[in-house]
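What follows is a short report on a single structure.
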There are 2 protein chains.
Amino acid sequence: MATKCENCPLRRRDLFVQFTEPEIRFMQKFKAGELIVDPGTPLLMEGSNSPQLFTALHGMGLRYKTLENGSRQVINFVFPGDFIGLQAGIMGEMQHSVEATTRMTLCVFDRSEFWNFFRNHPDRAFDITWMAAVEEHFLGEALASLGQRSALEAVAWSLCRIFLRGQALGMVDRGTMPLPFKQQDMADALGLSLVHTNKTLAKLRERQLASWSDGILQVNDVEPLAELALCSSEPPVKRPIM
Amino acid sequence: MATKCENCPLRRRDLFVQFTEPEIRFMQKFKAGELIVDPGTPLLMEGSNSPQLFTALHGMGLRYKTLENGSRQVINFVFPGDFIGLQAGIMGEMQHSVEATTRMTLCVFDRSEFWNFFRNHPDRAFDITWMAAVEEHFLGEALASLGQRSALEAVAWSLCRIFLRGQALGMVDRGTMPLPFKQQDMADALGLSLVHTNKTLAKLRERQLASWSDGILQVNDVEPLAELALCSSEPPVKRPIM
DNA sequence: CGGGCTATTGACCATAGTCAACACAGGTGG
DNA sequence: CCACCTGTGTTGACTATGGTCAATAGCCCG
């Protein structure tokens with residue numbers, strides 16, 4: 001039933017580094033199974049000590065933290081190829097929650113094998129550290145968005161990053177890609193109110209820079225969007241896949 | 001001249017996990033030298049491909065990114081024990097800059113040996129990944145600060161984190177510790193204007209929660225500060241040292 | 001048909017940004 | 001020795017970006 005690693009549909013995408021045959025066979029052994037979840041299902045909870053780690057194969061999700069006053073900070077959006085649970089694997093406990101936004105298919109790995117894996121396969125261990133470093137980089141950029149960009153710039157930045165990621169994943173078709181989140185999700189990601197996020201999205205639509213409605217993001221030309229967003233329009237770096 | 005790892009003054013602090021004798025001897029081999037820099041010296045530049053990695057032994061610094069519009073986002077403050085250059089070691093290129101705020105003493109490591117190190121010492125490789133995961137955790141919290149906390153809460157959060165870190169490092173003496181940054185640095189860290197940061201600090205002083213002036217931070221009781229900051233007043237987790 | 005969820009819009013408000021002036025300390029040069 | 005400059009911190013007055021509240025519309029689903 002489960003997808004074989006050798007047939008993994010993700011591996012072929014531009015976004016990912018290509019594996020050698022032995023690497024694929026090894027990952028296959030490490031893979032414990034496959035999980036399909038419905039929209040809204042929590043995958044990992046902040047403070048939990050999950051026995052399982054995942055790689056998103058299909059579908060999208062959200063990482064977020066909840067503060068003591070009840071407000072929610074969305075850390076980022078989960079796309080296919082993302083590794084979920086690194087903190088649980090390394091630190092023993094998640095520092096944020098992850099939940100499925102759409103129906104998702106996930107590769108499942110056993111946390112109990114994680115240390116063995118890390119010890120016996122230094123190149124894969126390196127890949128894991130690499131992913132952690134990339135995540136750190138992303139969070140640094142996000143920090144700069146919340147701290148230094150205006151609402152318009154921040155929303156543009158967010159859509160720009162998402163669109164470039166979508167392109168690298170082959171999800172973009174004639175300038176459009178699915179983006180099945182709610183405006184509230186983006187508001188919580190950027191530290192804006194829902195109302196202001198809505199008005200800002202309207203402004204981008206008006207200026208013909210980006211249009212996001214009914215779960216579809218349309219960007220005709222990334223360049224002017226990236227320019228407003230004060231960010232690069234380069235495709236994201238190739239990443240390993242777990 | 002250089003400090004011997006076995007005599008390293010940091011290792012004994014509460015903040016750090018204790019090493020075994022062989023581990024210490026091994027780190028000693030990996031250590032290429034010691035560097036002393038004056039205040040204001042850039043250690044690593046965004047986009048650079050430094051041949052050297054560092055551990056801060058003494059003194060404090062800043063990590064920051066500069067946006068295309070010239071504004072600066074301070075990512076975090078560098079304290080003794082922090083590893084500097086992980087991104088360069090892993091991704092080949094720094095995504096932010098690091099500079100010394102005070103005079104600093106740094107352990108220097110050779111980046112060219114990094115991969116060997118990683119391959120041959122899985123437990124230390126694990127430690128490096130652990131540090132990356134902790135950094136990711138910290139950035140998630142910072143994101144929540146900029147996104148969800150008011151200016152007063154954000155400044156309180158920042159001072160609270162710093163103070164707890166200072167305690168774990170044994171830098172706190174009768175409720176005070178050195179904090180040699182400028183208000184502008186904190187403003188750039190929290191995405192606030194200098195003026196508003198100043199007024200917010202005054203408010204905390206007025207309320208007797210925390211007082212930071214002349215490079216000295218004074219906190220008589222962390223609890224009420226942590227409560228306002230919506231964060232825990234637990235000491236930071238023990239970390240490995242490189 | 002009615003209830004719940006999301007998106008949209010307008011009116012009003014508040015937090016935080018901008019501008020400007022001043023204080024104070026340390027350093028430099030006449 | 002003092003005048004002057006620069007960098008940092010402080011304060012007040014005014015402004016604006018973005019938050020809050022509220023009403024409405026559209027949609028899906030029981």
Side-chain angles (χ1 to χ4, degrees), chain A residues 38-40 62 67 69-74 99 101-103 145-159 178-206 210-218 228 230, chain B residues 38-40 62 67 69-74 99 101-102 145-159 178-207 210-218 228 230:
Chain A
D38 281 330
L62 279 180
L67 269 78
N69 64 5
S71 66
R72 179 182 76 151
Q73 174 67 42
V74 168
E99 79 174 43
T101 299
T102 64
R103 165 176 266 253
S145 273
L146 302 219
Q148 314 299 327
R149 285 184 242 254
S150 68
L152 190 66
E153 290 164 352
V155 172
W157 172 80
S158 171
L159 293 179
L179 189 61
F181 299 100
K182 290 178 278 188
Q183 292 186 356
Q184 183 71 63
D185 296 328
M186 175 150 300
D188 289 347
L190 298 176
L192 298 171
S193 71
L194 170 59
V195 172
H196 199 62
T197 304
N198 179 290
K199 289 173 179 169
T200 307
L201 284 166
K203 218 172 274 182
L204 286 175
R205 221 174 293 139
E206 214 171 85
S211 156
W212 176 34
S213 54
D214 302 311
I216 304 288
L217 171 63
Q218 173 158 27
L228 169 61
L230 301 168
Chain B
D38 281 331
L62 278 181
L67 270 75
N69 65 6
S71 65
R72 179 182 76 150
Q73 174 69 41
V74 168
E99 79 175 44
T101 299
T102 63
S145 273
L146 302 218
Q148 313 299 329
R149 284 184 243 253
S150 68
L152 189 66
E153 288 164 354
V155 172
W157 172 79
S158 171
L159 292 180
L179 188 62
F181 299 100
K182 290 178 276 188
Q183 293 186 354
Q184 184 70 61
D185 295 328
M186 174 150 300
D188 289 346
L190 299 177
L192 299 169
S193 69
L194 170 59
V195 173
H196 199 62
T197 303
N198 179 292
K199 288 172 179 169
T200 306
L201 284 167
K203 218 171 276 182
L204 287 174
R205 220 173 294 138
E206 213 170 84
R207 297 199 195 175
S211 155
W212 176 34
S213 54
D214 302 311
I216 304 289
L217 171 63
Q218 173 157 29
L228 169 62
L230 300 168

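Lettering follows sequence order; numbering is per chain, from 1.
- Here side chain to side chain donor-acceptor pair (under 3.5 Å) pairs that include residues 191-202 of chain A, with residues two or more places apart or in two chains, are Q183(A)-N198(A).
- Sequence neighbours left out, the pairs with a member in residues 184-195 of chain B that pass salt bridge (charged side-chain N to carboxylate O under 4.0 Å, His left out) are R72(B)-D185(B), R72(B)-D188(B).
- Across all non-hydrogen atoms, the minimal contact from L228(B) to A156(B) is CD2-CB, 4.0 Å.
- In this structure, Q73(B) contributes its side chain and A189(B) its backbone to a donor-acceptor pair below 3.5 Å.
- Within the 4.5 Å cutoff, the side chain of L194(A) has no heavy atoms near those of the K182(A) side chain.
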Contact string for nucleotides 6-25 of chain C, one letter per nucleotide 5' to 3', B = base within protein heavy-atom range under 4.0 Å, S = sugar-phosphate only, - = neither, reads SSBBBB----BSBB------
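- In this structure N69(B) satisfies the side-chain hydrogen bond (donor to acceptor under 3.5 Å, both in side chains) test together with S71(B), sequence neighbours excluded.
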Walk along nucleotides 25-30 of chain D from 5' to 3' and tag each nucleotide B, S or - by protein heavy-atom contact under 4.0 Å, base first, then sugar-phosphate. ------
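- The distance from atom CG of L190(A) to atom C1' of dG19(D) is 15 Å, rounded to the nearest whole Å.
- Not counting sequence neighbours, the partners of S145(A) by the side-chain hydrogen bond (donor to acceptor under 3.5 Å, both in side chains) test are R149(A).
- In this structure the side chain of L146(A) reaches within 4.5 angstrom of the side chain of L190(A), judged on heavy atoms.
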